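Report on the structure given below.
Predicted model, so just to flag it, every value in this text is computed and none were measured. Nothing fancy with the numbering, it's 1 onward along the sequence.
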Amino acid sequence: MPGPHLLLVVVVAVCLIKTASGFANGKVSQACGDMIPQHGHDSSSKPAPYNITLDNPTFSPGDHITVTLLVVPTSGSISFKGFLIEARDAENPDGPAVGSFSLLNPSESQLLHCGHTQGSAVSHTSKSKKTEIQAVWEAPKNPPAGVQFLATVVQKYKVYWVQIPGPVVSLNGATGVPPPNPTPTTTTTAVTTTLSALTRPFSSEGCGRSKSCLRDPVGCDPGRDPLCFFLSFTPEERTVLFELSGPADGYLSFALSLDKWMGNDDVYLCVRDGDSVDINAAYVSGRTHPELASENVLSDTAWQLADGVIQCRFRRDILLPRKIESRFSLDQSYFLFIAHGRAEDGVIYRHDRQPLISTHQTVITGPPENLAGSRSPLLIKFHGVFMLVAWMTTVTTGVIIARYFKHDWPETRLFGRRLWFQVHRALMTLTVLLTCVGFSLPFIYRGGWSRHAGSHPYLGYAPNIISPVVVVAIFLGIQQQALLLPGPWSTGVLAGCVVWGVLVDLLLEFHSKVVIVTGWFLLIYSGKSF
């Protein structure tokens with residue numbers, strides 16, 4: 001029966017394939033009006049190292065002007081990743097875009113639909129580094145007397161310039177064309193915090209006595225163990241001092257939550273950006289990207305980077321004014337989350353591991369205590385164990401007993417029935433029981449269907465269709481963060497079990513057809529004939 005065996009091997013190979021993700025595509029039509037990137041940070045106050053040049057200072061309706069956005073020659077090796085170019089009425093620079101563009105660099109630029117005109121703006125297509133971009137602007141049929149070109153340029157996620165003013169071109173025959181406007185003062189509202197470097201690493205000394213601590217592994221000391229994830233908080237009159245430490249490539253964060261589910265949480269981020277760390281408060285609404293706080297609520301911020309470990313410290317008032325929404329009062333009881341993951345140019349990505357979640361709620365301003373936490377819910381652990389035992393052990397053994405031991409135990413009986421049948425029935429009954437219980441556990445844990453577990457729940461929904469589909473579901477399931485399995489060893493061990501099952505099945509198949517005995521007989525017989 002080579003068909004199912006080959007399919008099973010293909011299933012294993014497919015499950016080992018990894019996916020890749022792409023960069024931002026520059027479709028930023030939502031920024032057409034104010035031309036401000038939604039990055040949650042202020043635009044740079046330094047002079048912009050970029051210029052806009054034109055090939056003609058005047059125009060008539062329908063004329064074409066080549067617009068060039070380029071790095072200032074004296075800026076050295078500075079480049080840019082993103083941009084947005086628009087043309088506007090020089091007398092009304094806050095008005096809608098004027099005219100339309102055509103592309104000269106289609107691999108690096110694209111047209112956007114701003115307002116009522118298709119192609120009225122030009123933006124990037126990827127985050128590749130650029131030093132110059134060109135586009136051709138076409139004047140409308142009824143143009144204003146003067147048109148000014150504006151550009152927003154992103155050097156990296158948190159370093160950008162908004163509405164860099166370019167030259168003003170004049171309509172032929174028009175008079176009173178206004179001069180170029182100065183750089184607009186419109187900027188985004190974001191947290192600005194004075195940062196300083198920590199003078200010494202954090203320590204677990206005082207945990208449970210003078211401060212509350214949540215640690216993973218239990219009892220670790222961040223001053224001695226570089227793999228220690230550590231959160232401490234110490235009430236001090238009207239404020240609370242927080243210390244956060246852990247190994248992370250991009251960011252480290254913790255959240256205050258009313259339950260053990262991500263969503264509607266008060267979040268605090270320590271994000272690595274080059275050789276420094278940005279410390280911000282944020283809010284998570286549902287399973288979305290954190291939104292940075294619009295007002296600064298943190299003080300005495302400090303950080304340290306050493307040997308791949310991020311450490312940050314800050315204070316926050318216990319009670320905040322009512323006008324500051326999305327910030328929790330620290331005199332209440334919350335679950336604590338610690339998460340970490342990758343960051344690029346200050347942009348954070350989904351956490352690499354299941355967050356560490358405290359086992360119970362605690363009052364932030366309450367008595368000091370040593371908190372316990374877990375990254376893997378017990379119900380999900382049992383789900384994984386039951387499904388693995390059922391579909392990688394009992395069902396395989398039950399099929400082998402029925403297929404190959406029926407003739408080896410023809411008359412042996414147990415409780416009045418043939419032995420092979422009793423063993424087969426017991427194993428298959430156990431498989432059904434384990435599958436039913438294991439299948440229900442995630443629903444009990446999540447309180448319904450999980451929409452954020454990938455394709456695993458969909459493939460595992462119909463385990464009785466064909467066994468290879470179940471194997472796919474199992475391989476996808478062991479990648480779930482909630483199981484906290486050691487990768488990549490877990491995938492290799494599971495693949496070894498599948499290969500072992502296939503080899504045993506093939507060996508017994510050959511044995512049942514007396515292939516080995518027949519081969520020896522033919523070999524001996526051929527030797528005697530000659």
Side-chain angles (χ1 to χ4, degrees), residues 15 18-19 21 213-220 222 225 227-231 244-271 282 284 286-290 308-310 334-343 348-362 371-388 438 441-457 460 473-491 493-494:
C15 290
K18 294 183 177 179
T19 59
S21 59
C213 299
L214 175 61
R215 291 174 281 180
D216 181 33
V218 176
C220 66
D225 184 1
L227 300 180
C228 178
F229 288 92
F230 175 84
L231 169 65
L244 182 63
S245 174
D249 294 330
Y251 74 92
L252 190 64
S253 66
F254 78 90
L256 308 178
S257 179
L258 298 174
D259 51 37
K260 290 190 175 184
W261 304 109
M262 177 180 176
N264 303 324
D265 302 328
D266 189 358
V267 181
Y268 299 88
L269 299 164
C270 301
V271 184
V284 173
R287 287 178 171 255
T288 60
H289 195 278
V309 176
I310 297 177
Y334 306 103
F335 287 100
L336 299 172
F337 287 58
I338 298 180
H340 70 285
R342 296 182 302 108
I348 67 172
Y349 294 86
R350 186 176 184 266
H351 42 75
D352 296 331
R353 299 171 60 191
Q354 181 80 357
L356 177 66
I357 305 175
S358 62
T359 54
H360 63 272
Q361 289 183 318
T362 184
L371 302 171
S374 174
R375 294 184 184 272
S376 182
L378 187 60
L379 290 179
I380 298 302
K381 288 181 179 179
F382 277 116
H383 164 74
V385 170
F386 288 168
M387 288 304 193
L388 281 172
L441 291 179
F443 287 91
I444 298 175
Y445 172 69
R446 292 291 305 177
W449 185 267
S450 177
R451 296 180 175 85
H452 303 278
S455 57
H456 169 70
I474 291 175
F475 269 93
L476 294 173
I478 65 173
Q479 307 300 327
Q480 298 296 317
Q481 292 184 351
L483 282 180
L484 200 63
L485 294 176
W489 300 107
S490 55
T491 303
V493 170
L494 186 57

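- Looking only at distances, no side-chain donor or acceptor of Ser245 sits under 3.5 Å from a matching main-chain atom of Phe230.
- When all heavy atoms of Val284 and Met262 are compared, the pair lying nearest together is CG1-CE, 3.8 Å.
- With sequence neighbours excluded, no residue satisfies side-chain hydrogen bond (donor to acceptor under 3.5 Å, both in side chains) with Ser358.
- Not counting sequence neighbours, the partners of Asp259 by the side-chain hydrogen bond (donor to acceptor under 3.5 Å, both in side chains) test are Ser257.
- By the 30° and 60° cut-offs, the orientation of the rings of His340 relative to Phe229 is tilted.
- Within the 4.5 Å cutoff, no side-chain heavy atoms of Tyr268 are placed close to those of Leu244.
- Rounding to the nearest 0.5 Å gives a distance of 10.5 Å between CD1 of Ile357 and CG of Leu214.
- Atom OG in Ser253 sits 10.0 Å away from atom CD1 in Ile310 (nearest 0.5 Å).
- Residues passing the salt bridge (charged side-chain N to carboxylate O under 4.0 Å, His left out) test with Asp216 are Arg375, sequence neighbours excluded.
- A donor-acceptor distance shorter than 3.5 angstrom exists from the side chain of Arg215 to the backbone of Cys220, with no hydrogens or angles considered.
- Legend: residues meeting side-chain hydrogen bond (donor to acceptor under 3.5 Å, both in side chains) with Tyr251, ordered by chain and number and at least two apart, are absent.
- Every residue meeting the ring pair (Phe, Tyr, Trp, His ring centres under 6.0 Å) condition with Tyr334, not counting sequence neighbours, appears here in chain and number order: Phe328.
- Listed by chain and residue number, Tyr283, Ser285 satisfy the side chain to side chain contact (heavy atoms under 4.5 Å, CB included) test with Asn264 (two or more places apart in sequence, or in another chain).
- Nearest heavy-atom pair, Asp265 versus Ala255, reported as atom, atom and distance to 0.1 Å: CB-CB, 4.2 Å.
- Leu356 contributes atom CG, which lies 13.0 Å from atom CZ of Phe254 (distance to the nearest 0.5 angstrom).
- The CG atom of Leu371 lies 5.0 Å from the OG1 atom of Thr362; values are rounded to the nearest 0.5 Å.
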Practice task
Step by step, work out the side-chain contact (heavy atoms from CB on, under 4.5 Å) result for Leu256 and Leu336.
Solution key: CA-CA 5 Å; Leu256 308 178; Leu336 299 172; 3.3 Å; yes
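- Considering all non-hydrogen atoms of both residues, Gly438 and His383 come closest at O-ND1, 2.6 Å.
- In this view, Phe337 satisfies the ring pair (Phe, Tyr, Trp, His ring centres under 6.0 Å) rule with no residue, not counting sequence neighbours.
- Every residue two or more places apart in sequence or in another chain that forms a side chain to side chain contact (heavy atoms under 4.5 Å, CB included) with Ala282 is listed here: Val267, Leu269, Pro290, Leu292.
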